[in-house]
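Written out below as structure tokens is the structure these notes cover.
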Amino acid sequence: MNHAKLMLALLVSAVMFGLAGNAVAHEQHRCVKGFPDRPVLDGHLEQHSIVSSRADLGDVFAHGGALFAASFNVCDGQGRPATTGAGAKRQIGQPSFSRLSGPDANSCAGCHNEPFVGGAGDFVANVFVLAQAADPVVTSTDAQFSNNRNSLGMFGSGPVEMLAREMSVELQTQAAALPDGVHTLQSKGVSFDIVKVGGVVVEAKGIDTDLIVKPFHQAGVVTSLREFSTNAMNHHHGMQAEERFDLNPSKNFDGDFDEDGVYRELTVGDITAVTLWQAQLATPVQVVEGSDAFKRRVALGEKWFDKVGCSGCHTPEMHLTAREFVEPNPFNPPGTCSDTSVCPSVAFDMTTTGQGARLEPTPDGGAVVRAYTDLKRHNLCDPEDRPDAIRHYCNEQLAQGRPDQDGRPGTEFFLTRKLWDVGNSAPYGHRGDLTTIADAIYAHGGEAREVRDRFAGLSAARQLMVVDFLRTLQVQLPDETAGEAD
């Protein structure tokens, strides 16, 4: 059994045998009377157990990892017969599984497993974004119904979320102090142009007008790991979080919104645990192994990466002023817990706690994040009337909340891809339909066309140096202390 499969087996064992230990504080679900089977989950984690230290951080991580790996069944609450994947009511009688509209997966790890659990997904694991809202479900992969997206790796997500939070605070603070007019905001070395009218930001480039940096989803539309997890649990598995359904007064129901007979399918504490587990996943690093000659090639490749201009958007590093991952995110939208009276804060130091490689501390009490992204939306599509137009990344028809910008449709804008795990996170592109790093570079148009052309103008030897450098940016297999808290 290889390392990745062993990790998955251990996580599944954690579910089956209650590895969360004293973290379990909610009576387990049960199959309907007389049905000869059992739920996968041995129990649930309550938020008060986390914040009262009745469950130590190691137990919380273990419980979150177990939830991520669990192949949920109907006794756990899997399925949503009366609910769409977007959380609205629908008519009963839709398929219990649908590859397009969902539920479409048994476990989170079913799609996030390359190079090991928590990572990216093969093309076969692509998700059809927005089809989950269809009622009745759609059965066509036509782009008019959904955006076909590759599953991204979650490694380094804790630092990325905290980076986005700090940027959001800085941008909102700057904007609040400015008069009406056209302005350029700056955060972490990244510029965002805005237009302010009547004291309100009415236009913004590369970000929504709320000036919240949303680092998840390739469209840059999801604020936090918690929001991402709560969305995905309902969309892909039909597992509904109580904070969005049971505790949400706008739902106006008796506690079983999806009408599957199971109540409190995922507690506030469960969502906290799976969020923290993802936040503590290994931070990708640079791995340079081989001969001295190869190391020199990598160093030259890094210089050419910068010289042609790739680092203009794929920012090599940014700095956090604080080292802790703090849950929940105060920018969470409605239906995702942000109220610390309901989900009191939990925090851990990302430089000392977590799986495998950890965040790099700085002497000032902060940390450096080498994610190779500016966390900003950019257009990678040349205009249609350009004779040599490059439009590989222009095949979506649904904006998914992305506003039009500079006369171009929102469908053409994507968040700058993080490159810190590009060396072992193939395939590439938002659909996962590019098999090499070079293919992904050559497919850049729009705002990146000039940089792409400079790369194309390099000699083949220098282009390969850049690719060799990028291949050294990897997530490493965690060691035996994976998931432990120091």
Side-chain angles (χ1 to χ4, degrees), residues 86 127-134 138 141-150 152 164 167-168 171-172 174-175 178 180-187 190-223 227-228 231 312-315 331 333 373-418 429-431 433 443-452:
V127 62
F128 297 89
V129 178
L130 298 179
Q132 76 272 17
V138 296
T141 59
D142 192 293
Q144 67 178 303
F145 300 117
S146 64
N147 291 330
N148 186 351
R149 299 271 181 77
N150 190 232
L152 293 180
M167 292 176 72
S168 300
L171 294 173
Q172 290 186 351
Q174 290 175 34
L178 293 171
D180 286 355
V182 179
H183 305 283
T184 298
L185 308 179
Q186 290 269 350
S187 180
V190 183
S191 299
F192 298 87
D193 293 334
I194 67 166
V195 178
K196 192 173 177 182
V197 177
V200 177
V201 176
V202 296
E203 291 182 32
K205 293 186 178 183
I207 190 173
D208 293 335
T209 54
D210 59 10
L211 303 183
I212 297 174
V213 177
K214 303 176 177 71
F216 302 110
H217 266 264
Q218 300 189 65
V221 295
V222 173
T223 301
E227 182 188 5
F228 175 85
N231 291 349
C313 295
H314 295 286
T315 308
F331 295 111
T373 179
D374 58 4
L375 295 181
K376 181 178 178 179
R377 291 194 199 111
H378 293 278
N379 187 333
L380 300 185
C381 306
D382 286 334
E384 298 93 324
D385 57 358
R386 177 170 173 165
D388 61 344
I390 296 175
R391 294 185 56 79
H392 182 86
Y393 296 125
C394 315
N395 54 4
E396 295 192 346
Q397 296 181 25
L398 304 178
Q400 197 187 351
R402 294 165 290 179
D404 295 353
Q405 181 179 309
D406 297 328
R408 307 302 302 171
T411 54
E412 296 186 356
F413 289 82
F414 290 90
L415 200 68
T416 301
R417 186 71 168 261
K418 300 181 293 291
H430 64 270
R431 291 185 69 242
D433 56 356
H444 282 58
E447 293 178 49
R449 181 60 189 265
E450 184 178 346
V451 174
R452 176 259 183 211

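For the numbers below, each heavy atom of this structure counts, side chains included, while hydrogens, waters and symmetry mates do not. Bear in mind that the values here come from a model prediction, so they are computed numbers and not experimental data.
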Side-chain ([X]) to main-chain ([Y]) donor-acceptor, under 3.5 angstrom:
{"X": "D142", "Y": "Q144", "result": "yes"}
{"X": "N147", "Y": "L398", "result": "yes"}
{"X": "K376", "Y": "S191", "result": "yes"}
{"X": "Q174", "Y": "Q186", "result": "yes"}
{"X": "D193", "Y": "T184", "result": "no"}
{"X": "K205", "Y": "Q405", "result": "no"}
{"X": "T209", "Y": "V202", "result": "no"}

What's the spacing between [X] [atom1] and [Y] [atom2] if we round to 0.5 Å?
{"X": "I207", "Y": "M167", "atom1": "CD1", "atom2": "CE", "value": "7.0 Å"}
{"X": "D433", "Y": "N148", "atom1": "CG", "atom2": "CG", "value": "8.0 Å"}
{"X": "D374", "Y": "F192", "atom1": "CG", "atom2": "CZ", "value": "6.5 Å"}
{"X": "T223", "Y": "D210", "atom1": "OG1", "atom2": "CG", "value": "7.5 Å"}

The side chain to side chain contact (heavy atoms under 4.5 Å, CB included) partner of S187 among V213, L171, L375 is L171
Within the structure provided, determine whether [X] and [Y] are in side-chain contact (heavy-atom separation under 4.5 Å).
{"X": "D388", "Y": "R449", "result": "yes"}
{"X": "S146", "Y": "V129", "result": "no"}
{"X": "R417", "Y": "Q218", "result": "yes"}
{"X": "Q397", "Y": "T411", "result": "no"}
{"X": "Q172", "Y": "F331", "result": "yes"}

Matching residue for E396 among R431, R402, R391 - test: salt bridge (charged side-chain N to carboxylate O under 4.0 Å, His left out)
R402
Heavy-atom pair with the smallest gap, counting every atom of [X] and [Y]:
{"X": "I390", "Y": "A443", "result": "CG2-O, 3.2 Å"}
{"X": "A175", "Y": "K196", "result": "O-NZ, 2.6 Å"}
{"X": "F128", "Y": "T141", "result": "CE2-CG2, 3.7 Å"}
{"X": "V138", "Y": "A131", "result": "CG2-CB, 3.9 Å"}
{"X": "L211", "Y": "A204", "result": "CD2-CB, 4.4 Å"}
{"X": "K418", "Y": "P215", "result": "NZ-O, 4.3 Å"}

Go through the steps for F413 and R408 under the test side chain to side chain contact (heavy atoms under 4.5 Å, CB included), then give the verdict.
CA-CA 9 Å; F413 289 82; R408 307 302 302 171; 3.9 Å; yes
Parallel, tilted or perpendicular: which one describes the rings of H430 and Y393, with boundaries at 30° and 60°?
tilted
When you look at R452 and L380, which way does the side chain to side chain contact (heavy atoms under 4.5 Å, CB included) test go after all the steps?
CA-CA 10 Å; R452 176 259 183 211; L380 300 185; over 6 Å; no
Distance only, no hydrogens: is a donor on one side chain within 3.5 Å (strictly under) of an acceptor on the other, for H217 and Q400?
yes
For the residue pair E447 / N379, report whether a side-chain donor-acceptor contact shorter than 3.5 Å exists.
no
Stepwise, does the side chain to side chain contact (heavy atoms under 4.5 Å, CB included) test hold for T416 with H314?
CA-CA 7 Å; T416 301; H314 295 286; 3.4 Å; yes
Heavy-atom count check: over 12 atoms from other residues, nucleotides or ligands less than 6.0 Å from E450 CD?
no
Between L185 and L178, is a side chain to side chain contact (heavy atoms under 4.5 Å, CB included) present by the stated rule, with each step listed?
CA-CA 10 Å; L185 308 179; L178 293 171; 3.6 Å; yes
